[in-house]
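The structure under discussion appears below in the form of structure tokens.
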Amino acid sequence: MRKVKVENAVGMMLAHDITKIVPGEFKGVGFRRGHLVREEDVGELLKLGKRFVFVENLDSSRVHEEEAAKRIAAAISGTGIRWTSPQEGKINLLAAHPGLLRVDAQGLYQINLKGDVIVSTLKDGFPCKEGQTVAATRIVPLTISRGRMQRLEAMMSRRGPVIRVLPFRRMSIGAVVTGYEVATGLVKDAFDDYIGRKIIEYGCELCGKVIVGDDPEAIAHAILGFKEKGCDLILTTGGLSVDPDDNTRKGIRASGAKVIFYGTPVLPGAMFLLATLGDIPILGLPACVFYYRTTMFDLMLARILAGEIPSRKDVAMMGHGGLCLNCETCRYPACSFGK
């Protein structure tokens, strides 16, 4: 491209978008790449602070910002990602379907460390809606050398995608509600109001709910019953706690399930349990799910629906970002909790 004075650019084609900002009212494209500059455009360009503009004059050794953004988006994207057309040299990357965002933070770091290329993402582990912007990319200069673009693409080819969205599966879920007080009617069962609502929001099906007392054998029998029905996920509610009369964990063990972890460095949700019965995950929910809007259950449900079974190491690392601020107006997942 060639730099020319605005007054001399009449009849020439702009090589880049030019941003227009009206404080407090508008920010967007004032002139688009490819616009043929007219006499009447000169005054407006000067108002936008453009004494000089760049016009098309690329040689084969350089890549324009729009082409570069498209190539970067293609190089860093994995499954579940689509992207927009360039605007002002920038491309937004979107979730192609509901799912869990996964970001290769080290790969992202390597890209941004090189300079002239920028990629910005949401935090790894973000539960996404379809069409949600999860990342954006552009180059800083108007053009970049073709060789640099090729080296970045080669690095991504060796390393693999930086961002992807794992799709949420529509699971069939069985619920075992424990507790003498609920089984006898002394306390109203609140499963549907607090847990069932979240299951439906994720597009899952509640294949059944059984209310039992505190007998470990009855809890185990109910769990095995849901296994026989072919449920993909089993929840136990009623509260796991440090109380000596809490038999929910005993019942989960009595079903033959393997406990992966009990207790998490996440608040609210410290008394959360994850077990597996064959290939069926079992989530033991603490009593806090009936009080707090967002807990460890929300973090774990998203991972399970995305096909992940976290290890003890994974859970131990969740302590970083695992403290919910219990804001008066909950904005999860647009907050630091679980990130």
Side-chain angles (χ1 to χ4, degrees), residues 98-100 166-241 243 245-264 269 271-287 289-290 295-312 314-315:
L100 188 71
L166 305 180
F168 289 139
R169 297 179 293 169
R170 295 178 179 271
M171 285 187 163
S172 174
I173 299 175
V176 180
V177 179
T178 67
Y180 168 84
E181 69 281 7
V182 180
T184 58
L186 292 173
V187 174
K188 179 182 178 292
D189 170 33
F191 178 89
D192 295 333
D193 295 335
Y194 289 86
I195 309 303
R197 174 179 55 82
K198 293 184 177 183
I199 291 172
I200 293 170
E201 287 174 353
Y202 274 106
C204 294
E205 173 194 7
L206 184 65
C207 68
K209 180 177 70 174
V210 176
I211 300 177
V212 298
D214 292 312
D215 178 31
E217 290 187 11
I219 296 170
H221 180 74
I223 290 173
L224 291 171
F226 283 124
K227 179 186 179 184
E228 291 300 315
K229 288 183 69 172
C231 289
D232 304 306
L233 171 64
I234 300 171
L235 308 178
T236 70
T237 70
L240 285 155
S241 73
D243 298 341
D245 62 349
D246 179 12
N247 287 320
T248 304
R249 182 163 54 136
K250 294 178 183 177
I252 293 172
R253 288 187 183 276
S255 72
K258 176 185 176 183
V259 175
I260 297 176
F261 60 81
Y262 172 52
T264 71
M271 294 302 172
F272 191 94
L273 179 147
L274 172 65
T276 53
L277 184 60
D279 58 356
I280 303 172
I282 299 174
L283 305 184
L285 309 188
V289 298
F290 296 108
T295 68
M296 176 62 172
F297 171 57
D298 298 87
L299 306 184
M300 191 56 57
L301 181 61
R303 293 193 178 201
I304 296 296
L305 295 181
E308 297 185 350
I309 302 292
S311 66
R312 289 183 62 86
D314 294 330
V315 173

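For E181, there are no salt bridge (charged side-chain N to carboxylate O under 4.0 Å, His left out) partners at least two apart in sequence or on another chain. Under the side chain to side chain donor-acceptor pair (under 3.5 Å) criterion, K198 pairs with D298, not counting sequence neighbours. Remark: E228 pairs with no residue by the salt bridge (charged side-chain N to carboxylate O under 4.0 Å, His left out) rule, at least two apart or across chains. Listed by chain and residue number, M171, S172 satisfy the side chain to side chain contact (heavy atoms under 4.5 Å, CB included) test with D232 (two or more places apart in sequence, or in another chain). Under the side chain to side chain donor-acceptor pair (under 3.5 Å) criterion, E308 pairs with R102, sequence neighbours left out. Partners of P310 according to the side chain to side chain contact (heavy atoms under 4.5 Å, CB included) rule, which considers only residues two or more places apart in sequence or in another chain, are L274, M300, R303, I304, D314, V315. Under the side chain to side chain contact (heavy atoms under 4.5 Å, CB included) criterion, A254 pairs with A220, not counting sequence neighbours. The salt bridge (charged side-chain N to carboxylate O under 4.0 Å, His left out) check on K258 picks up nothing, with sequence neighbours excluded. Among residues two or more places apart in sequence or in another chain, the salt bridge (charged side-chain N to carboxylate O under 4.0 Å, His left out) test is passed with D193 by K188.
How far CD1 of I219 is from CZ of R253: 13.5 Å, rounded to the nearest 0.5 Å. Within the model, atoms CD1 of I195 and CZ of F290 stand 5.0 Å from one another, a figure rounded to the nearest 0.5 Å. Between the CG atom in L283 and the OG1 atom in T237 there is a gap of 11.5 Å [rounded to 0.5 Å].
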Inset, instruction - Could you check F272 against V289 for side chain to side chain contact (heavy atoms under 4.5 Å, CB included), going step by step and ending with a plain yes or no? - result: CA-CA 10 Å; F272 191 94; V289 298; over 6 Å; no
Inset, instruction - Take I282 and V176, measure what side chain to side chain contact (heavy atoms under 4.5 Å, CB included) needs, and give me the verdict at the end. - result: CA-CA 10 Å; I282 299 174; V176 180; over 6 Å; no
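The heavy-atom pair separating G269 from T264 by the smallest distance is O-OG1, 3.0 Å. Closest of all the heavy-atom pairs between I280 and C231 is CD1-O, 3.6 Å. Nearest heavy atom pair, residue V182 against residue V177, reads CG1-CG1, 3.9 Å. In plain terms, the two heavy atoms of I223 and I234 that are nearest each other are O-CD1, 3.5 Å. When all heavy atoms are compared, the tightest approach of G256 to L277 is C-CD1, 3.8 Å. A pairwise comparison of heavy atoms in L100 and A302 identifies CD1-CB, 4.1 Å as the closest pair.
For F261, the CZ atom sits in a packed shell: over 12 heavy atoms of surrounding residues, nucleotides or ligands are nearer than 6.0 Å.
Using modelled atom types and a 3.5 Å distance limit, the side chains of T248 and T236 yield no donor-acceptor pair.
In this structure the side chain of N247 never reaches within 4.5 angstrom of the side chain of T178, judged on heavy atoms.
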Side-chain donor-acceptor distances from residues 200-212 under 3.5 Å, at least two apart:
| residue | atom | partner | partner atom | Å |
| --- | --- | --- | --- | --- |
| E201 | OE2 | R197 | NH1 | 3.4 |
| K209 | NZ | D189 | OD2 | 2.6 |
| K209 | NZ | D192 | OD2 | 3.4 |

